[in-house]
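What follows is one structure encoded as structure tokens, with my remarks underneath.
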Amino acid sequence: MTETRFAPPAPYELAVVGAGPVGTSLAILAAQAGFAVTLIDGRPATGANTTDTRTFAVVRGSWRLLRATGIGPELADQTTPLNGLDAEDGGTHWFGAPHTAFSTEDLDPDASGEPLGQMVPAGALQAALDRRTAEIPGLTWLRGARFSGMTTGPGGAEISLEDGRVIRAGLVAACDGIHSAVRQSLGIPTEGRAYGKSVFAADVTLSRPHHGIARQLFTPEGPFATLPLPGNRANLAWYMKTGAAETLAKLPKDAIEAELNARFADFAGEMQLDGPPLSYPLVMQIAGKMAGPRTALLGDAAHRINPLAGQGLNLGFKDVGALIDVMTEARETGLDPGSDTVLARYQEWRRFDSAATAMAMDLIDRAFSNDNAFLKPLRGLALTAANRIAPLRRALARQASADQAHLPSLMR
């Protein structure tokens with residue numbers, strides 16, 4: 001990345017690099033707010049999206065932000081209300097396995113009657129955002145466009161694409177994932193670690209109703225979670241040693257079901273696979289800064305965290321809401337939204353929350369993924385306190401559901 005002086009105003013106020021749920025929702029919301037926006041989308045210009053069988057736990061605050069994009073009605077028949085969360089400590093205990101649980105009743109009533117959150121299929125979410133992108137005036141969607149480099153200066157940024165085009169913008173939003181080319185072009189370092197684990201994920205049919213409750217069992221080797229889906233179905237995530245999850249995902253359907261039910265039928269009921277399984281490695285990666293010259297980092301480009309409580313994508317939506325707020329405030333006060341002053345405000349707002357959440361998920365994983373005789377009583381005490389002390393339980397519910405007054409305006 002080099003710095004250059006640009007004299008004429010940039011034609012776009014915001015260039016979003018990366019068109020996953022974070023980048024696409026940012027582009028839509030910024031264009032709806034009256035900014036001139038271009039979305040640089042590296043996916044092929046023609047053809048269907050790659051099949052994505054994941055399901056996201058989109059918490060209350062994040063769902064409000066997504067509703068603001070206009071896609072809520074389209075997803076209405078494809079989402080499942082998330083009514084509660086229940087976590088249980090497995091392993092061996094003298095007095096039974098301690099657990100904690102909270103539900104929508106632990107939150108203040110929502111004007112629209114929203115629960116803790118919504119379970120949203122990843123493919124359906126991306127398709128709805130793509131269709132909305134095509135409808136928005138003032139939003140230029142560049143399909144099949146891949147970032148190759150960038151120069152910045154007092155007047156804005158020039159983005160070079162692999163096909164030779166050059167895009168000029170006052171502010172660049174890096175939403176291009178964990179291996180962000182934009183972040184690398186700025187020379188922003190990252191810190192983190194590989195967990196030596198992978199996640200086995202699959203949709204299953206359950207033998208007993210889930211009632212909209214997400215359930216998580218902490219085992220000595222890692223968590224096992226079931227997340228509610230429409231009907232009597234669930235999306236499960238099982239943390240395993242690297243290699244084991246990949247091997248399990250390649251086994252025949254009956255062999256996978258036999259393994260799941262031998263281990264977890266007592267916890268989740270009998271399970272039958274309802275679609276192809278997948279596996280992915282578990283890593284934590286935090287960018288050293290969330291802003292650089294003329295650039296803001298969002299989503300996985302800024303922070304990839306342990307998906308233990310489904311907070312990864314929701315952190316990205318918090319980034320989106322914060323950037324929309326600081327851009328809008330800058331415009332109202334006559335400031336340049338891409339200036340160092342405005343970007344410092346964005347970083348100040350989002351840096352601590354993303355780092356603290358990453359550390360908290362990492363700490364929980366370390367504390368619960370064992371059968372340590374010293375830690376088990378402490379874990380049990382913490383879970384019991386969280387379950388029985390109402391103010392603490394309600395605070396955890398507000399934190400988990402992003403239902404707090406200090407959050408970006410689109411999430412309140």
Side-chain angles (χ1 to χ4, degrees), residues 57 84-102 191-202 213-227 234-249 259-269 271 279-286 303-312 315 353-393 395-397 399-400:
L85 301 171
D86 191 350
E88 178 179 321
D89 191 12
T92 55
H93 297 271
W94 285 103
F95 302 105
H99 81 286
T100 188
F102 50 84
E191 296 182 359
R193 72 183 184 99
Y195 285 85
K197 298 179 183 178
S198 293
V199 178
F200 171 87
I213 306 297
R215 303 187 65 218
Q216 186 155 268
L217 176 69
F218 292 104
T219 74
E221 61 233 349
F224 175 87
T226 58
L227 306 172
N235 178 257
L236 67 82
W238 182 8
Y239 288 45
M240 310 175 74
K241 289 183 178 179
T242 298
E246 290 81 358
T247 299
L248 182 62
E259 184 67 19
L260 290 174
N261 289 317
R263 295 291 303 276
F264 302 111
D266 288 344
F267 173 75
M271 292 167 278
S279 62
Y280 53 90
L282 188 61
V283 299
M284 179 178 69
Q285 178 177 283
I286 307 296
H303 39 69
R304 178 70 170 268
I305 71 169
N306 191 317
L308 189 62
Q311 291 297 309
L315 279 180
D353 178 51
S354 59
T357 302
M359 295 302 104
M361 296 303 102
D362 186 66
L363 178 62
I364 292 172
D365 182 73
R366 290 174 184 266
F368 282 85
S369 296
N370 59 72
D371 207 15
N372 185 285
F374 174 74
L375 287 176
K376 282 189 295 182
L378 299 178
R379 297 191 318 232
L381 180 62
L383 289 173
T384 301
N387 194 47
R388 295 186 178 180
I389 301 174
L392 176 57
R393 188 177 66 248
L396 290 172
Q399 176 67 32

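Not counting sequence neighbours, Tyr239 has no partner by the ring-ring contact (aromatic ring centres under 6.0 Å, His included) test. For Phe218, the ring-ring contact (aromatic ring centres under 6.0 Å, His included) criterion is met by Phe368, not counting sequence neighbours. With sequence neighbours excluded, the residues that form a salt bridge (charged side-chain N to carboxylate O under 4.0 Å, His left out) with Asp353 are Lys318, Arg350. In this view, Glu246 satisfies the salt bridge (charged side-chain N to carboxylate O under 4.0 Å, His left out) rule with no residue, not counting sequence neighbours. By the ring-ring contact (aromatic ring centres under 6.0 Å, His included) test, Phe264 pairs with Phe224, Trp238, sequence neighbours left out. Every side chain to side chain contact (heavy atoms under 4.5 Å, CB included) that Ile389 has, sequence neighbours left out, goes to Ala385, Pro391, Leu392. The side chain to side chain donor-acceptor pair (under 3.5 Å) search around Arg393 returns Asp106, not counting sequence neighbours. Residues forming a side chain to side chain donor-acceptor pair (under 3.5 Å) with Ser369 (at least two apart in sequence, or on another chain): Lys197, Asp365. A search for side chain to side chain contact (heavy atoms under 4.5 Å, CB included) contacts involving Asn370 returns Asn372, Leu375, Arg379, not counting sequence neighbours. Listed by chain and number, the residues in a side chain to side chain donor-acceptor pair (under 3.5 Å) with Glu191 amount to none (sequence neighbours excluded). Remark: Arg215 pairs with no residue by the salt bridge (charged side-chain N to carboxylate O under 4.0 Å, His left out) rule, at least two apart or across chains. Taking the side chain to side chain donor-acceptor pair (under 3.5 Å) definition, one finds that Arg193 meets it with Asp362, sequence neighbours left out.
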- [ ] Verify side chain to side chain contact (heavy atoms under 4.5 Å, CB included) between Ile286 and His303, making sure each step is shown before the conclusion.
- [x] CA-CA 5 Å; Ile286 307 296; His303 39 69; 3.8 Å; yes
TODO: Would you check, one step at a time, whether the test side chain to side chain contact (heavy atoms under 4.5 Å, CB included) holds for Leu236 with Leu260?
DONE: CA-CA 10 Å; Leu236 67 82; Leu260 290 174; 3.9 Å; yes
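The structure places CG of Asp266 at 10.0 Å from CG of Asn261, a figure rounded to the nearest 0.5 Å. Note that CG of Leu383 is 11.5 Å distant from CZ of Arg388, once rounded to the nearest 0.5 Å. Within the model, atoms CG of Leu217 and CZ of Arg263 stand 9.5 Å from one another, a figure rounded to the nearest 0.5 Å. With rounding to the nearest 0.5 angstrom, the CD1 atom of Ile305 is 4.5 Å from the CG atom of Leu315. The CG atom of Leu227 sits 8.0 Å away from the CD atom of Gln216 when rounded to the nearest 0.5 Å. Atom CE in Met359 sits 9.0 Å away from atom CZ in Arg366 (nearest 0.5 Å).
The two residues Ala386 and Leu396 have their closest heavy-atom pair at CB-CD1, 3.6 Å. Looking at every heavy atom in both residues, Thr100 comes nearest to Asp86 through O-OD1, 3.2 Å. Closest approach of Ala249 to Phe200, counting heavy atoms only: CA-CE1, 3.7 Å.
Within the 4.5 Å cutoff, the side chain of Leu381 has no heavy atoms near those of the Pro98 side chain. Using a 4.5 Å cut-off on side-chain heavy atoms (C-beta onward), Pro223 and Leu308 make contact.
Although no hydrogens or angles enter the test, the distance criterion places a donor-acceptor pair under 3.5 Å between the side chain of Thr242 and the main chain of Gly196.
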